[in-house]
Amino acid sequence: MSEKKIYTDSGIEIKTLYTANDHQPTINDDLPGEFPFTRGVQPDMYRGKLWTMRQYAGFSTAEESNKRYHYLLSQGVNGLSVAFDLPTQIGYDSDHPLSEGEVGKVGVAIDSIIDIQTLFKDIKLEDVSTSMTINATGFILLAFYVALAKQQGADLKKITGTIQNDILKEYAARGTYIYPPKPSMQIITDIFEWCADEVPKWNTISISGYHIREAGSTAVQEIAFTLSNGKAYVKAALAKGLDINVFGKRLSFFFNAHNNLFEEVAKFRAARRMWAKMMKQLGATDPKALMLRFHAQTGGSTLTAQQPLNNISRVTVQTLAAVLGGTQSLHTNGYDEALSLPTEEAARIALRTQQIIGFESGAADTVDPLAGSYFVETLTNEVESEAWKLIEKIDAMGGSVSAIEQEFIQNEIAKSAYQYQKQIENGSKIIVGVNKFQSEETGTIPGFKIDDSIRNIQTEKINAVKNNRDRAKCDQVLQILNDKASSGENIMPTVVEAVENFCTLGEIADTLREVFGEYK
């Protein structure tokens, strides 16, 4: 009788047994904190400092989100992670007709600098690291944040945080883009250039595999497509004459942590090694510009609405994968997020999961604890090998922008998502509580609902801002923004000036719509 074959979600066959003959022993010569960083970006990893424990939060109004931030900070969070509502993400003010029904729903509504002041009320920006999951309008949110830091009297050279700012994965997987790819890339390189001088500790981009994975990719596709996108950003910055050893230090990544523990650990290790090689080929020499630093989030698409408390166990496995894989920062999902935004209780359990792994499990006691495992080292090599094959295909098409325009990346993700769903439906992939071990659901988990009246509150705030500002000054600044965007000058200084003069997010986005058009 032939033995049943077992594969990872990326289709890599798992052998029954691994021995020293399966992997190259040279891998063990790698040291953490040294090229190619397979074993981590710090020589002592979590012995020196644990990863930044973030909780992604933002909903309703800035007032409500501010309360949640203060609660999370009081519970031991050391980095904030802001979720924005859809109108904010695609450059519409809350009073825009297309915003109806979406204001404050999947994140916080931000229309003007007044909302940012409220969002971070009694939080010193110099003392906290803030990650903002925002792409098409990332440059406007960064301008709001910098303007507030200036109002607080903060030293901009000390401000730390990240804007996601990864537009390529929006075209490939997520859809919250505004402008066509070329002007979008121009805005991103403007941010690289401006931040290097003004906010040098700010991570100017978080090149995101997370949403690629959420859209249905495999682990191998996640790192291949993400690193290809990273290469496209680097090449765009080099074409603008920027120094790879300067902007390269401020590139960061954002990955998904899924259920297959060992494949995920191998994925993180392989990604670091691949990026170091890629950056070296592109001309980077500074070790910090060769390091892949990443934030991880547990897999939203793995959460089930059936038996939702099982999600606590899933999130624990995924948290362990991210930690054993050497993440720099981590967000853990609430067990109820397949049903609604996380309740305060679910957010607390999610944070406690990180704290238990950090302080009780021993996983943080030594660097790269799975190194030298015949299985993990072999799997790291195999994940890397498969990912390079995909990257070579994308390179042959002319890079990520071209591969997205030809819909290669979108189609590859769609095929994988279809295969995965087919396996669940035919029972070859078991999801506990969904297609096996089902039970009669009796208790209901209380959902977290957002009231539609929030749009009215935001509209009143916008009207108050517009009635109390210098309209002529606003028009003047927006005209300068239009001129600079048309001529190809760096738009960031003018965007900061615009938000300081109470221009709204929608007005700034619309000014650039006039110049760049919209991507359809």
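Values below: every heavy atom of this structure, side chains too, minus hydrogens, waters and symmetry copies.
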Only one of I110, L141, V82 passes side chain to side chain contact (heavy atoms under 4.5 Å, CB included) with I134, and that residue is L141
Do K15 and Y18 meet the cation-pi criteria used here (NZ or CZ under 6.0 Å from the six-membered ring centre, within 45° of the axis)? yes
Do the side-chain N and O atoms of T302 and Q318 include a donor-acceptor pair separated by under 3.5 angstrom? yes
Between E63 and K461, does at least one N-O distance fall below 4.0 Å, as a salt bridge requires? yes
Say whether T304 and R314, considering side chains only, have a donor N or O and an acceptor N or O under 3.5 Å apart. yes
Quick one: do K267 and E264 make a salt bridge, cutoff under 4.0 Å? yes
How many angstroms lie between atom OG1 of T218 and atom OH of Y420, to the nearest 0.5 angstrom? 11.5 Å
In a check of salt bridge (Lys or Arg N to Asp or Glu O under 4.0 Å) between R269 and each of E377, E263, E384, E382, which one passes? E377
For R352, I'd like to know if atom CZ has over 12 heavy atoms of other residues, nucleotides or ligands within 6.0 Å. yes
Without swapping roles, check the side chain of T162 against the backbone of S252 for a donor-acceptor pair under 3.5 Å. no
Nearest 0.5 angstrom please: T137 OG1 to N135 CG, how far? 8.0 Å
Who are the side-chain hydrogen bond (donor to acceptor under 3.5 Å, both in side chains) partners of K436, not counting sequence neighbours? none
Passing candidate, side-chain hydrogen bond (donor to acceptor under 3.5 Å, both in side chains) with W51, options Q354, H295, Q328: Q354
Taking side-chain hydrogen bond (donor to acceptor under 3.5 Å, both in side chains) as the definition, give me every residue that meets it alongside Q421, ordered by chain and number, with sequence neighbours left out. E425
Any donor and acceptor pair, going by atom type alone, linking the side chain of Y210 with main-chain N or O of T298 inside 3.5 Å? yes
D365-Y46 side chain donor-acceptor pair, cut-off 3.5 Å: no
Quick one: does N260's side chain have a donor or acceptor within less than 3.5 Å of a partner on T8's backbone? no
I'd like to know if the side chain of S10 reaches the main chain of A219, judged simply by a donor and an acceptor atom lying under 3.5 Å from each other, with no hydrogens or angles considered. yes
Side chains of N310 and S313: donor-acceptor distance under 3.5 Å anywhere? no
Hey, do the aromatic rings of Y171 and Y519 have their centres closer than 6.0 Å? yes
K415 bridged to E412 by N-O distance under 4.0 Å: yes
